[in-house]
Amino acid sequence: MVGGPVARGVASRRGLPAAVLFDRDGTLVVDVPYNGDPAQVRLMPTARDAVDAVRAAGLPVGVVSNQSGVARGLLGRGQVEAVRRRVEELLGPFQVWAVCPHGPDDGCRCRKPAPGLVIAACERLGVPAARTAVIGDIGADMTAARAAGARGVLVPTPVTRPEEIEAADTVAPDLLTAVRLALGADPGGARRRPLEVEER
């Protein structure tokens, strides 16, 4: 499911990505497994400041989210939509939402760590994946970004596995720092691989 207003022809300024895509659960909002209740939506630390910083830079923002609760019969699409509306009440509108409703055994091409959600969101925005930053909290987010040709920034939480942190190209201690890194700043407190390629 891909939705949201279309922003075509977004030009990337030197040093800035063309767009920033966020994972939802565990990144923008506290991860409540299979949550279909808008009342349980709570923002992660610095989420509002992070999203505002992307908008202040004049860049489109989007969400890429696995929602396998739909395939498992634990969520209805209406509940997913209700949670989306609540997130936007708290953080403002996103230009695109790319949501995979499939389960891990469905063999789809959209569910992260496959790159389909990232590619679909970039196509909807009219931006190249190679000029897009993807911010998430687990290895599947980083693998999807890498497979799409995008830049991934990992913001670990207690559920992030040590091997996922080690494998990530860029690791930030919080969401606002991740955005600052994506926007080309060097705020400190982050880890990058020495041979990281900044532009593709």
Side-chain angles (χ1 to χ4, degrees), residues 3-31 41-65 83-99 112 117-118 120-122 124-138 141-142 144-146 148-157 160 165 168-193 196-200:
V6 181
R8 292 291 178 190
V10 178
S12 175
R13 287 164 281 170
R14 184 173 180 83
L16 288 178
V20 177
L21 304 176
F22 294 91
D23 170 57
R24 194 191 82 176
D25 301 319
T27 301
L28 290 175
V29 301
V30 175
D31 186 10
V41 174
R42 302 189 313 278
L43 296 182
M44 291 290 284
T46 76
R48 179 78 214 205
D49 290 340
V51 175
D52 284 349
V54 179
R55 294 192 179 112
L59 304 178
V61 287
V63 177
V64 287
S65 179
V83 169
R84 180 196 69 78
R85 289 195 298 268
R86 179 55 179 160
V87 172
E88 292 199 328
E89 287 175 2
L90 296 171
L91 292 175
F94 291 82
Q95 277 88 344
V96 64
W97 284 76
V99 178
K112 296 176 290 184
L117 289 181
V118 175
C122 290
R124 180 77 176 180
L125 293 171
V127 301
R131 294 289 301 160
T132 298
V134 178
I135 299 175
D137 67 312
I138 61 173
D141 300 315
M142 301 300 99
R146 190 177 297 117
R151 177 187 181 187
V153 183
L154 182 72
V155 183
T157 68
T160 313
I165 298 173
D169 293 328
T170 306
V171 180
D174 57 66
L175 198 54
L176 182 56
T177 301
V179 163
R180 288 171 174 164
L181 285 166
L183 298 182
D186 190 4
R191 192 212 75 198
R192 302 193 224 192
R193 291 189 180 278
E196 180 182 2
V197 177
E198 295 184 355
E199 294 194 20
R200 304 186 188 196

Distance-minimising heavy-atom pair for P93 and V61: O-CG2, 4.3 Å
Rounding to 0.5 Å, atoms CG (D137) and CD1 (I165) come to a distance of 10.5 Å
State, yes or no, whether a side-chain contact exists between L59 and P17 at a heavy-atom distance under 4.5 Å. yes
Heavy atoms, side chains only, cut-off 4.5 Å: are P60 and V96 in contact? no
Could you tell me whether a side-chain N or O of R86 sits under 3.5 Å from a main-chain N or O of R42, the two making a donor and an acceptor? no
K112 and V64 have their tightest heavy-atom pair at NZ-O, 2.8 Å
Taking the side chain as C-beta and beyond, is there a heavy-atom pair between F94 and L28 under 4.5 Å? yes
Interatomic distance, CD1@I138 vs CG@D23, rounded to 0.5 Å, equals 6.5 Å
Does this structure show an ion pair linking E88 with R84, if we count only N-O contacts that are shorter than 4.0 Å? yes
How far apart are the closest heavy atoms of L183 and A53, and which atoms are they? CD1-O, 3.9 Å
Using a 3.5 Å distance criterion without hydrogens, assess whether the side chain of R55 forms a donor-acceptor pair with backbone atoms of G92. yes
Scan side-chain atoms only and decide if D174 and T177 contain a donor-acceptor pair under the 3.5 Å cut-off. yes
Value rounded to 0.5 Å, distance of CZ in R151 from CG in L181: 6.0 Å
Which heavy atom of A18 sits nearest a heavy atom of P128, and at what distance? CB-CD, 4.4 Å
Quick check: do R24 and V83 have side-chain heavy atoms less than 4.5 Å from each other? yes
In short, G26 meets T157 closest at the heavy-atom pair O-CG2, 3.5 Å
Quick check: does any side chain N or O of T46 sit under 3.5 Å from a backbone N or O of L176, one acting as donor and the other as acceptor? yes
Can you confirm whether F22 sits close enough to V155 that some side-chain heavy atom of one is under 4.5 Å from a side-chain heavy atom of the other? no
Nearest 0.5 Å please: distance from the CD1 atom of I135 over to the CE atom of M142. 8.0 Å
Using every non-hydrogen atom in the two residues, find where L16 and A57 come nearest and quote the distance to one decimal. CD1-O, 4.3 Å
